[in-house]
Trainee: 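Take this structure first; my questions come after.
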Amino acid sequence: MKKGIEKINKILLPMLVIIMIIIAIRAVTLNGASEGLNTLLTPDWSMVLKPSVWISAYGQVFYSLSIAIGIMMTYSSYLPKKSDINNSAFVTAFANCGFEFLSAIAVFSILGYMATAQGVPISEVVSSGVGLAFVAFPQIFSAMGPIGSFLGPLFFLCLIFAGITSSVSLTETVSAPFKEKFGWSRKKVVTCMCIIGACMSTAFATNAGLYLLDIMDAFINNYGIVVVGLLEVILIGWIVTPKSLREHSNKISYIKVGKWWDISIKFITPAILIYMILQNVINEISAHYGGYDLSNLIAYGWSVIGFGIIVSLILSKKPWKDKKIEDYEEDENDEEDRLILEEINK
C-alpha cells in the first residue's frame with residue numbers, strides 16, 4: 001500500500017486542494033455568484049431552533065472527521081506513545097473544516113450562477129448530496145472553457161482516489177480489531193469485507209439505488225453515528241473520566257486543553273445529543289423522512305441500525321485470542337497509559 005495508494009495520493013490529494021482553489025477563484029467571478037455566497041453566509045436563525053438541523057450537523061461533523069466510526073481510534077493506535085495528541089487533533093479539525101469551507105464557497109458560487117442563468121431560486125437548482133458533485137461542478141468546468149476540459153477529468157480522478165483512501169480507512173477500522181481479537185490475517189478480513197461490500201453495493205446500481213442510498217445515509221449519519229458518539233462521550237465522561245485523558249494528553253502535547261473539555265464531555269455534549277436524538281425520533285414518528293413509506297424506512301433505515309447494534313453486541317461477547325493486559329510492555333514511564341488501559345478493559 002505504501003508503494004501504491006499512499007504514493008499516488010501524495011500527488012493526487014494535494015492536487016485536489018489546488019484544483020479546488022482554482023475552482024473557487026473562478027467560481028466567485030461568475031455572474032450570480034454573489035447570490036450564492038449571500039445564501040451561504042447569511043444565517044437563518046429560525047433553523048437554529050430545529051433539532052433536526054443540529055443532529056444533521058453533528059452527524060456531518062462526526063462523519064467528516066471520522067469520529068464515532070472507529071477510524072481515529074484505529075489510526076491513533078499506530079502512533080508512537082509520545083505523539084503530540086492535542087496538536088494533531090487541532091490541525092486535523094482545522095484542515096478538514098477549512099477545506100470544507102473552501103468547497104462551500106465554490107459550490108454556492110456555482111449554484112448562484114446556475115440559479116441566475118435559469119431564473120429560479122437557488123433551492124430549486126439542484127438537490128443536496130451527489131447532485132452537488134456531479135451536477136454543480138461540471139457547470140463550472142464548462143464555464144472555464146478549454147482549461148475546464150483539462151481540470152474536469154483531473155478533478156474527478158482526484159475525487160476517485162480520495163474515495164479510495166476513505167475506503168482504506170474504513171476497511172482498516174474493521175480489519176484491525178478482527179486481527180487483534182480473533183487472530184485473523186488482515187488479508188483475510190479485507191478480502192471478505194470487499195466481497196461482501198461489492199455484493200451489497202450492487203443494490204445502489206439499480207433504479208432504486210439513489211433512494212436506498214438516501215435512506216441509509218440519513219439513518220446512519222443522523223442516528224447510527226450520533227448514537228455511537230453519545231455512547232463514547234458517556235464512556236469517556238463517566239467511566240474512564242476525561243480528567244485522566246486530558247492530563248495525559250497535556251503532558252505530551254504543545255497545546256494544552258483546559259478543564260472546559262471535561263465539562264463539555266461530561267455534561268454539554270451528552271445533553272445536547274440526547275435531546276436532539278429524542279426530538280428527531282419524535283419528528284420521525286410524526287413525519288416520515290423524505291416522504292418515504294414507513295415500510296421502506298424500516299427495511300433500509302431502522303433495520304440497518306438494528307443490524308449493526310446486534311452484530312456489535314455479539315462480537316463484543318466473543319473472547320480475545322491470547323490477549324491479556326499483562327502482554328503489554330510496561331515501564332515506569334507508561335504507568336499512566338497502563339492505568340487508562342485497565343479502566344477501558346474493565
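Values in this document were obtained by computation on a predicted structure and should not be read as measured data. What's counted below: heavy atoms across the whole structure, side chains too, no hydrogens, waters or symmetry copies.
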Trainee: Could you go through M72 and T92, starting from their C-alpha distance and side-chain angles, then the distance that decides it, and tell me whether this counts as side-chain contact (heavy atoms from CB on, under 4.5 Å)?
Mentor: CA-CA 11 Å; M72 285 301 176; T92 301; 3.9 Å; yes
Trainee: Is atom OH of Y289 surrounded by more than 12 heavy atoms (other residues, nucleotides or ligands) closer than 6.0 Å?
Mentor: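 Yes - once you tally the heavy atoms of other residues, nucleotides and ligands closer than 6.0 Å, there are more than 12.
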Trainee: Under 4.5 Å between any side-chain heavy atoms of Y254 and N86, yes or no?
Mentor: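 Not touching, per the 4.5 Å side-chain cut-off.
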Trainee: Are any of the side-chain heavy atoms of S109 and L30 separated by less than 4.5 Å?
Mentor: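 They are not in contact (no side-chain heavy atoms under 4.5 Å apart), so the answer is no.
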Trainee: Nearest 0.5 Å please: distance from the CD atom of E232 over to the CD1 atom of I67.
Mentor: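 Result: 8.5 Å between the selected atoms.
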Trainee: Between S103 and F99, is there a side-chain heavy-atom distance shorter than 4.5 Å?
Mentor: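 Of all side-chain heavy-atom pairs linking S103 with F99, at least one is under 4.5 Å.
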Trainee: Do other residues, nucleotides or ligands put more than 12 heavy atoms under 6.0 Å from the CZ atom of F219?
Mentor: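 It does: F219 CZ has more than 12 such atoms within range.
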Trainee: What residues join V174 in its hydrophobic cluster, counting side-chain heavy atom gaps under 4.5 Å, either direct or through other members?
Mentor: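 So far as hydrophobic clustering goes, V174 is joined with F178, F182, W184, V189, M193, F307, V311, L315.
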Trainee: Would the distance check show the side chain of N96 and the main-chain N or O of L65 forming a donor-acceptor pair, the cut-off being under 3.5 Å?
Mentor: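 The answer is no, because no donor-acceptor pair under 3.5 Å joins these two groups.
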Trainee: Counting C-beta onward and ignoring hydrogens, is there a side-chain heavy-atom pair between K188 and K179 closer than 4.5 Å?
Mentor: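 Counting from C-beta outward, K188 and K179 never come under 4.5 Å.
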Trainee: Is it possible for you to say whether I196 and M216 belong to one hydrophobic cluster, with membership spreading through side-chain heavy-atom contacts below 4.5 Å?
Mentor: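 In one cluster: no.
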Trainee: Going by distance alone, is a donor N or O of one side chain under 3.5 Å from an acceptor N or O of the other, for D84 and S253?
Mentor: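 Per modelled atom types, D84 and S253 side chains form a pair under 3.5 Å.
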Trainee: Under the criterion side-chain contact (heavy atoms from CB on, under 4.5 Å), I'd like the reasoning laid out for E100 against S64: C-alpha separation, chi angles, the key distance, then a yes or no.
Mentor: CA-CA 9 Å; E100 288 181 343; S64 179; 2.3 Å; yes
Trainee: Evaluate side-chain contact (heavy atoms from CB on, under 4.5 Å) for V228 paired with I69, printing each intermediate quantity in order.
Mentor: CA-CA 8 Å; V228 172; I69 51 181; over 6 Å; no
Trainee: Check this for me: K187, atom NZ, are more than 12 non-hydrogen atoms of other residues, nucleotides or ligands nearer than 6.0 Å?
Mentor: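 For K187, atom NZ is not crowded (no more than 12 foreign heavy atoms under 6.0 Å).
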Trainee: Got F156 and P138 here, is their nearest side-chain heavy-atom distance under 4.5 Å?
Mentor: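 F156 vs P138: side chains touch.
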Trainee: Does a donor on one side chain and an acceptor on the other come within less than 3.5 Å for S249 and R246?
Mentor: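 Absent: no donor and acceptor within the cut-off.
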Trainee: Should W261 and I239 be counted in the same cluster of Ile, Leu, Val, Met, Phe, Trp and Tyr side chains packed under 4.5 Å apart?
Mentor: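 Same hydrophobic cluster.
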Trainee: For residues I298 and Y211: do they belong to one hydrophobic cluster (side chain heavy atoms under 4.5 Å, members Ile, Leu, Val, Met, Phe, Trp, Tyr)?
Mentor: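 Yes; Y211 is reachable from I298 via cluster members.
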Trainee: Would you call E180 and P177 a side-chain contact if the rule is heavy atoms closer than 4.5 Å?
Mentor: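 Result no, sub-4.5 Å side-chain heavy-atom pair not found.
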Trainee: Is the backbone N or O of S264 less than 3.5 Å from a side-chain atom of T269, with the two atoms forming a donor-acceptor pair by type?
Mentor: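 Answer holds: yes.
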Trainee: How long is the gap from OH on Y223 to CD1 on I277, to the nearest 0.5 Å?
Mentor: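 With rounding to 0.5 Å, OH (Y223) is 9.0 Å from CD1 (I277).
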Trainee: From the options I263, D262, V233, select the one residue that forms a side chain to side chain contact (heavy atoms under 4.5 Å, CB included) with P242.
Mentor: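 Considering I263, D262, V233, a side chain to side chain contact (heavy atoms under 4.5 Å, CB included) with P242 is found only for D262.
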Trainee: Minimum heavy-atom separation for A68 and I225, please, with both atom names.
Mentor: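 Shortest heavy-atom separation between A68 and I225 comes out as CB-O, 3.5 Å.
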Trainee: Kindly indicate whether the side chain of I252, heavy atoms from C-beta on, has any atom under 4.5 Å from the side chain of S83.
Mentor: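 Side chain of I252 against side chain of S83, heavy atoms only: no contact under 4.5 Å found.
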Trainee: Working to the nearest 0.5 Å, report the span between OH of Y300 and CD1 of I305.
Mentor: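 Rounded to the nearest 0.5 Å, the OH-CD1 separation comes out at 15.5 Å.
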Trainee: Could you grab the distance from atom CG of D217 to atom CG of L210, nearest 0.5 Å is fine?
Mentor: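 Here the rounded value is 11.5 Å.
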Trainee: If two hydrophobic side chains count as joined below 4.5 Å and joins carry through other members, does M73 share a cluster with V227?
Mentor: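 M73 does not cluster with V227.
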Trainee: With rounding to the nearest 0.5 Å, note down the distance linking CD1 in I215 to CD1 in I220.
Mentor: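 The distance works out to 11.5 Å.
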Trainee: Quick check: is I274 connected to I282 through a chain of hydrophobic side chains (ILVMFWY, heavy atoms under 4.5 Å apart)?
Mentor: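 Not linked; separate clusters.
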Trainee: D293 and S295: side-chain donor and acceptor closer than 3.5 Å?
Mentor: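 Side chains of D293 and S295: no pair found under 3.5 Å.
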Trainee: Do the side chain of S201 and the main chain of G197 share a donor and acceptor less than 3.5 angstrom apart?
Mentor: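 Yes, because the side chain of S201 sits within donor-acceptor range (under 3.5 Å) of the backbone of G197.
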Trainee: Under a plain distance cut-off of 3.5 Å, with no hydrogens placed, do D214 and Y292 share a side-chain donor-acceptor pair?
Mentor: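 Per modelled atom types, Y292 and D214 side chains form a pair under 3.5 Å.
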Trainee: Checking the side chain of T241 only, and the main-chain atoms of G237 only, is there a donor and an acceptor separated by less than 3.5 Å?
Mentor: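 Here the side-chain-to-backbone pair does not exist.
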Trainee: Mark yes or no for whether N250, through its side chain, and V257, through its backbone, hold a donor-acceptor pair below 3.5 Å.
Mentor: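 Indeed, once roles are kept as given, a pair shorter than 3.5 Å links the two residues.
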Trainee: Closest approach of A27 and A106, non-hydrogen atoms and distance?
Mentor: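 Reported closest heavy-atom pair: CB-O, 3.8 Å.
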Trainee: Does the side chain of S77 come under 3.5 Å of the side chain of T74 through a donor N or O and an acceptor N or O?
Mentor: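 Looking only at side-chain atoms, T74 and S77 do not form any donor-acceptor pair under 3.5 Å.
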Trainee: Quick one: does I23's side chain get under 4.5 Å of I19's, heavy atoms only?
Mentor: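 I23 vs I19: side chains touch.
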Trainee: Run the numbers on T116 and N31 for side-chain hydrogen bond (donor to acceptor under 3.5 Å, both in side chains), then give the verdict.
Mentor: CA-CA 7 Å; T116 301; N31 183 34; 5.7 Å; no
Trainee: Could you label the plane-to-plane angle of the F267 and W238 rings as parallel, tilted or perpendicular, counting under 30° as parallel and over 60° as perpendicular?
Mentor: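 Aromatic pair F267/W238 classed perpendicular.
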Trainee: Please report the shortest heavy-atom distance between A33 and V28, naming the atom on each side.
Mentor: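 Looking at all heavy atoms of both residues, the closest pair is CB-O, 3.7 Å.
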Trainee: Given the rule in the side-chain contact (heavy atoms from CB on, under 4.5 Å) test, do K243 and H248 qualify, once you have shown the distances and angles that lead to the verdict?
Mentor: CA-CA 8 Å; K243 181 180 178 181; H248 168 73; over 6 Å; no
Trainee: Within this structure, what is the OG1-CG distance for the pair T206 and L212, rounded to the nearest 0.5 Å?
Mentor: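 The OG1 atom of T206 sits 5.5 Å away from the CG atom of L212.
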